[in-house]
Protein chains: 2
Amino acid sequence: MDSSIKKKRPRGRLSREMIEDAAFEVIEREGLAGFSMRKLAAELGCEAMSIYHHFPSQAHLHEALVDRLVGSLEMPDAGLPWRQRMRIAMHDFRRIGSEHPAFAPFLVTYRMNSPTCLAWLSGILGLFEAGGFGPELSARLFRTVGYYLMGAILDETSGYAKGPSAVTAVSDEQLALDFPNVAAAGRYFGAAEFDRTFDLGLDMLLDEMERALGGANSR
Amino acid sequence: MDSSIKKKRPRGRLSREMIEDAAFEVIEREGLAGFSMRKLAAELGCEAMSIYHHFPSQAHLHEALVDRLVGSLEMPDAGLPWRQRMRIAMHDFRRIGSEHPAFAPFLVTYRMNSPTCLAWLSGILGLFEAGGFGPELSARLFRTVGYYLMGAILDETSGYAKGPSAVTAVSDEQLALDFPNVAAAGRYFGAAEFDRTFDLGLDMLLDEMERALGGANSR
DNA sequence: AAATGAACCTTACAGTGTAAGTTGTCAAGC
DNA sequence: GCTTGACAACTTACACTGTAAGGTTCATTT
């Protein structure tokens, strides 16, 4: 008898969508580094090479995953005030990161050149422009909030709060002795504080942007 | 005759420092993904396993590289005004990233739990505290500028400006047709604009922080 | 000179991405 | 029903990875 764990599956049943779904599962279960075509195949109940019939390489597959996530985003209702739209768009992107924490580092490191990603990028730029910023400021402010957003996702999914790294660890007692202010700050570095901290920084940036926008009429 | 490329090298000449130096070179030449213990050994003129005598694993080696970079940072002169010290500290960290662009993604993804990194972290927290912020705000604002800093390093070293990703690319003509605002913004996304854009965002954050600090006496 | 122990090398293994070639399966036309 | 063709899936193979285990060489101390 076949003691293989793989489930039997008829041929001709693989699709890009199925593969992507399984890839998300394997990545979240095994971690981004633990992901492999063979493990993905096992999850799908097929052989590794079958996947190459649908994706020419692992890199293509990973980029398809980014497209899948970014493509699921839609621009906030144009009827809402500028600041609210920006807040929603930022929270939306942050959400697709936190929903796939193991994949998030790839998401934020990925160069967004696919049509899907460019469309999202274009939408956000348009949001700045609709808010009243010129092309240059729109571009630079997009970068500014983008930097903040990417850094936040990175930290929230794989940063300090996720525990010590694999190799060198400092015990809590030692930490409290050597770096008491870090130990104290740790209270605010945990996952429970992510939302509040994220909003604090985001609101600081949006405040400053609104100030730049309506300098004349807000004072 | 031995056609091997390896340089002959006397025994007993390997050291952690030498290995780290060579690792930085290999990583920048081959990329982070292209790095391997065997390539590093070739660079050093030794065998792969010899390296394990100085570092128990590749992960330990990579973390040592982070420590090396972060350990090279020193806190800005305490005599300077708060804002200037913060600016310098941020620019210092950004610099170690841009000096090792291929390694930067690891640097910003790394969980900073080593004593060296905790010392730096503690220094920055202390900077906030010295500026007049309480423990909670110090912690949260540290995260805020940290997010921004990490995102900036990530983008500047491996983001949009580094050209299309390996697989899906959109031609410049197509980009101009489909997403004219992105094409226009690209002008401000290049490496030549990194400094200005970084300072714009950093100054926005610092402005807002100073506002929070000296609300009473600055108005 | 002998011994000791660190520093380095050799070999080996399980796992990786994927190129190349082969087989199974199902639908269309006879 | 049978044949044919196309293509999805599998098999095999290769070059490469990190690193465990064990063997060798050399510098230093005695």
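Below, chain A is the first sequence line, B the second, and so on; all start at residue 1.
For the pair A:Ser50 and D:dC10, the criterion of a side-chain N or O lying under 4.0 Å from OP1 or OP2 is met. Between C:dC9 and B:His53, no contact under 4.0 Å exists linking OP1 or OP2 to a side-chain N or O.
Qualifying side-chain hydrogen bond (donor to acceptor under 3.5 Å, both in side chains) partners for A:Arg29, counting only residues two or more places apart in sequence or in other chains: A:Glu43. In this structure, A:Tyr148 has no side-chain hydrogen bond (donor to acceptor under 3.5 Å, both in side chains) partners at least two apart in sequence or on a different chain. For the side-chain hydrogen bond (donor to acceptor under 3.5 Å, both in side chains) test, residues two or more places apart in sequence or in another chain that qualify with B:Asp21 are B:Arg68. Take A:Tyr188 and apply the side-chain hydrogen bond (donor to acceptor under 3.5 Å, both in side chains) test, not counting sequence neighbours, and it matches no residue. A search for ring pair (Phe, Tyr, Trp, His ring centres under 6.0 Å) contacts involving B:His62 returns B:Phe35, B:Phe106, not counting sequence neighbours.
For the pair A:Leu14 CG and D:dC7 C1', the interatomic distance rounds to 13 Å; values are reported in whole Å. Rounded to whole Å, atom C1' of D:dA9 lies 16 Å from atom CZ of A:Phe55. Residue A:His54 contributes atom NE2, which lies 10 Å from atom C1' of D:dC7 at whole-angstrom precision. Separating the CD1 atom of B:Ile51 from the C1' atom of C:dT10 is a distance of 15 Å, rounded to the nearest angstrom. B:Glu47 has its CD atom 5 Å from the P atom of C:dC9, to the nearest Å.
Annotation: of the two residues near DNA chain C, A:Met49 and B:Ser15, the 5′-most nearest-nucleotide partner is B:Ser15.
Side-chain contact, B:Ser57 with B:His60: a donor N or O sits under 3.5 Å from an acceptor N or O.
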Please write out each protein N/O paired with an N/O of nucleotides 13-17 of chain C under 3.5 Å, distance rounded to 0.1 Å.
unit_1: C:dT16; atom_1: OP1; unit_2: A:Ser36; atom_2: OG; d: 3.0
unit_1: C:dG17; atom_1: OP1; unit_2: A:Met37; atom_2: N; d: 3.4
unit_1: C:dG17; atom_1: OP1; unit_2: A:Gln58; atom_2: NE2; d: 2.4
unit_1: C:dG17; atom_1: OP2; unit_2: A:Met37; atom_2: N; d: 3.0
unit_1: C:dG17; atom_1: N7; unit_2: A:Arg38; atom_2: NH1; d: 2.7
unit_1: C:dG17; atom_1: O6; unit_2: A:Arg38; atom_2: NH2; d: 3.0

